[in-house]
Structure formats: structure tokens, C-alpha cells
Amino acid sequence: MATRRSITFILLMVVVGLNLRPAMSSVAPLLTRLQESAGLSASAAGLLTTLPVLFLGLSAPLAPALAKRIGSERALSAALTLLAVGLILRGLPLPGGLFIGSAMAGCAIGVGGTLLPALVKRELPDSADLLTGLYTMALCLGGALGAGLSVPLTQLLGSWQASLMSWSLLALFALVLWHIQMPRTTMTNTPTAPKSGILRLLKQPLTWHVMLFMGIQSSMAYIVFGWLPTLLVDRGYNEADAGWTMAVSIMCQLASALGAPWLARMGRDQRPALLLVLLSTAMGLWMLLIAPLVWKWPGAALLGIGQGGSFSLALSLLVLRTANSRLAGQLSGLVQGGGYTLAALGPFGVGVMLQSGANTPHIAWLLIALLMVCCGFALLAGRNHRLDDHSGELLVQRVTPTF
């Protein structure tokens, strides 16, 4: 039965989740304006879109240490504060403020996104995978709001600077709400993590299986987010059609992000669900970038279903592959740190390919091949194995499914 504490935590999780994508998605629709008014070159614009993802990956491994020192709740408050400051700095007329603020926002998102799965595991361990789906849906919705409202906010507020800064209001709202209602725990109830915990995790193949799955599927997401409209226009779409195609894909992510963990519970392990969402992503890319243009709407739907589901399941693996909240936090830091650092290379690689003269079908086939490699890691990461250190030694245990 749901308690007041659990319901409050779920609402807080959704509000915080809404803040962890607009910092990245709100910039892309304004890149042309930024290049014209701020004098950004094409390479500088590319750097601006890559910085948050890169610093997200670099900061995520620091979250468990920060949580150990000041507590997970205060660490998340600090992340929301840093996010609000970074979002404000992006719009101030200061030298390098746009880039520094973007990097700060990326750091905040890396810490916050790493802490939340561990908090979910601690607060509601029996429903952690399903709640991770709800959290992922909040992330996708935040990303959609950032992309969809960026230009209207610029028109309403009169400048792109005000538009970018306005997202700090959502972060400040989340900060105040979290500070007032955050779950309270005593530090003595939190087991002390051994100093060698991270190294022990790195020695486990399961850690690498989950990390590489996270990295490849995240790379696909940022490639699609950054380059899909450009690739669609190259195929013959007009800009309006390319924008609507992206919007349909994002909206489909909302449903699959929530539904994928339920689907994963129907099997003995997560392998069938993981393969299904990856194949859906591959089919969506093929329909959009290779098949006749008449397949664009089914392709957009399949791409969104696949990407929303794969991201939701990737986050679910962080709680399903660990026996307690402390291990979940450590695994989350490693997997998201390594995964997002790897993911940052994807959009850059596509840009290099386009500059080298690669055409859209060639890029599409390469992405589909990469998804097939990801299927291999999904088969390994999706097995019902779990990291446990209850005996004092980090072990991989096989979990017997319950029906």
C-alpha cells in the first residue's frame, strides 16, 4: 500500500526528472540564432551541444563520493543549485558564460541523474524498475518541453538569452520543493562504502556489459537528437516535416519509457525486452533514413518507441543488477559516467562523417550496425544476475525470478 512518504517521493522524483534534459534540448532549436547573434562558428556550435553531455559523463562518477560525504539528499540539493546557477550563467553577457554555464549544467545533471536511481532503490526497492520507467518518462517530457518551448519562449521574452535563462525557474522550483519535502534519513543507516568499491565494480564483467549498453544506446539518442533533422532535410524533407517527425518520435518516447519496465517483467529476464527496443530503434532508423519517404511516420513512431524504451531499461538495469542502494549508486556513477562520456563521441563522429562527404544512407547503415553490436551487450546485461556485497566480497549472484 502506498504511503504518504512514497507518494511524496514519487512526485519529487518526477519534478526533479523534468529538470535533467531541458538544459541540453533547449539549445538545439536556437543554434542558428546563436551563430548569427553571438558569432559562433559551426565548430563552436558543435562544442556547445557536446559540452553538457561530456561534463555529464565526467561528473557522474563523483556522485557516490559526494553522497557519502554529505548525504544523497543534500547532494541532490547541491546539484539542483548548480543547475540553476549554470542555466542563469548561460544567458548573462559574460565572456565564455554560455559555455561555462552549459558545462556547469552538465555537471549538475550528471550528479542528479546518478543519485536518483540509488534513491529510488532505497525508498521503494520492490518497485524500483517500474518507478525508473516513470522517472525516464519525466526525463523525456523535460527534453520535449525544452525543444518545443525554446523558440516560443524566445519570441515571448524577446531574446534567446532570456529563453535559456528561463529554465532556471523550473530548477529553482524543484530545489525549493526538494528541500522542503525531501526524504529524511540518518547517516548512520547508510552502510559505509569501501574505498576499493569502485575498483571492485570495474573488475566485474557485468559492470562493463551494462556500461557499454548504456553508452551505445545513449550515443544513438544524442546522434538522433542532434542530427536527425539535418539528415531528414538531406533526404528531401522540408524543415517543417523534419521538425514534426522529430516531435512525433519524442512523444512516442514518453509511452515506451513508462511501458518498457512493465514489458521487461513479463519475461524471465530483461533480454527479450532489450532486444525488442533495440530492433525497434533500428527499424525506425531504416524507415526514416533509407526506406521510401512514405514510411516516415511509422519510422518516427518506431524510433521513439525504441529509444524511449531502451533508455528506460538502461536505467532500470542500474537497480535490477544491484542488491542494495549503495551498490546502485556506485554502479549508477560508473555506468552513467562511462556511458555518457562514450555517448558524447557519437554526435561528433557523425559531424566528422558528414564533413568528410558521407551520405545519409551510409551513416544510417553504420548506426544500424552499431545497434547490432549493442544487442550483444544487451544479451549479457539483460541476464538475471545481480551484484551483491553482503558477505563482504563483491559477487555476482543469479536471481531466481518470481511470478
Point-to-point distance, once rounded to the nearest 0.5 Å, from NE2 of H209 to CE of M211:
11.5 Å
At their closest point, which heavy atom of T154 faces which heavy atom of W160, and how far apart are they?
CG2-N, 3.7 Å
Within the 4.5 Å heavy-atom criterion, are L66 and R74 side-chain neighbours or not?
no
Any donor-acceptor pair under 3.5 Å from S219 side chain to G215 backbone:
no
For A79 against A108, the heavy-atom pair lying closest together:
O-CB, 3.1 Å
With rounding to the nearest 0.5 Å, note down the distance linking OG1 in T360 to CH2 in W365.
14.0 Å
Flag, side chain of S310 to backbone of G306, donor-acceptor distance under 3.5 Å
yes
Donor-acceptor under 3.5 Å (S59 side chain, C107 main chain):
yes
Over all atoms of both residues, closest heavy-atom pair of L56 and Y340:
CD2-CD1, 2.8 Å
If you measure from CG on L254 to OG1 on T136, what distance do you get to the nearest 0.5 Å?
11.0 Å
For the residue pair R21 and C140, establish whether any side-chain heavy-atom pair is separated by less than 4.5 Å.
no
Using modelled atom types only, decide if a donor and an acceptor are shared between the side chain of S218 and the backbone of M214 within a distance under 3.5 Å.
yes
Under 3.5 Å, side-chain donor or acceptor atoms of residues 370-382 against the rest of the protein: list the pairs with distances, not counting sequence neighbours.
none

CG of L317 to CZ of R386: how many Å apart, nearest 0.5 Å?
14.0 Å
Take T322 and L318 through the test side chain to side chain contact (heavy atoms under 4.5 Å, CB included) and record every step on the way to the result.
CA-CA 7 Å; T322 50; L318 300 178; over 6 Å; no
Have a look at L175 and tell me which of T81, V15, L76 forms a side chain to side chain contact (heavy atoms under 4.5 Å, CB included) with it.
T81
Whether T207 side chain and K203 backbone form a donor-acceptor pair below 3.5 Å:
no
State which residue, out of L83, L145, L172, N19, fulfils the side chain to side chain contact (heavy atoms under 4.5 Å, CB included) condition with W167.
L145
Heavy atoms only: give me the nearest M24-L20 pair and the separation to one decimal.
CE-O, 3.8 Å
Donor-acceptor check, side chain of S163 to backbone of S159, threshold 3.5 angstrom: yes or no?
no
Measure the spacing between OG1 of T341 and CZ of F55 and express it to the nearest 0.5 Å.
10.5 Å
On a heavy-atom basis, the closest approach of S25 and G142 is OG-O, 4.0 Å
Could you tell me whether the side chain of L367 reaches within less than 4.5 Å of the side chain of M220, counting heavy atoms only?
yes
How close do G346 and I223 get, heavy atom to heavy atom, and via which atoms?
C-CG1, 3.5 Å
Quick check for you: to the nearest 0.5 Å, what is the distance between E123 atom CD and S6 atom OG?
9.0 Å
For residues 274-303, tabulate all N or O donor-acceptor pairs below 3.5 Å that involve a side-chain atom, not counting sequence neighbours.
residue, atom, partner, partner atom, Å
S280, OG, L302, O, 2.7
T281, OG1, V277, O, 3.0
T281, OG1, Q307, N, 3.4

Polar side-chain atom of S256 near backbone of G309 as donor-acceptor pair, under 3.5 Å:
yes
Validation: residues 86-106 side-chain donor-acceptor distances under 3.5 Å, sequence neighbours left out:
residue, atom, partner, partner atom, Å
R90, NH1, A23, O, 2.8
R90, NH2, S26, OG, 3.4
R90, NH2, L164, O, 3.4
S102, OG, L98, O, 2.8

After noting the C-alpha distance and the side-chain angles of Y135 and L315, does the key distance pass the side chain to side chain contact (heavy atoms under 4.5 Å, CB included) rule?
CA-CA 9 Å; Y135 162 60; L315 292 181; 3.7 Å; yes
Mark yes or no for whether Q181, through its side chain, and T8, through its backbone, hold a donor-acceptor pair below 3.5 Å.
no
Donor-acceptor side-chain pairing of R321 and Q270 below 3.5 angstrom:
yes
Quick check against the 3.5 Å criterion: does N384 have a side-chain atom that pairs as donor or acceptor with the backbone of R268?
yes
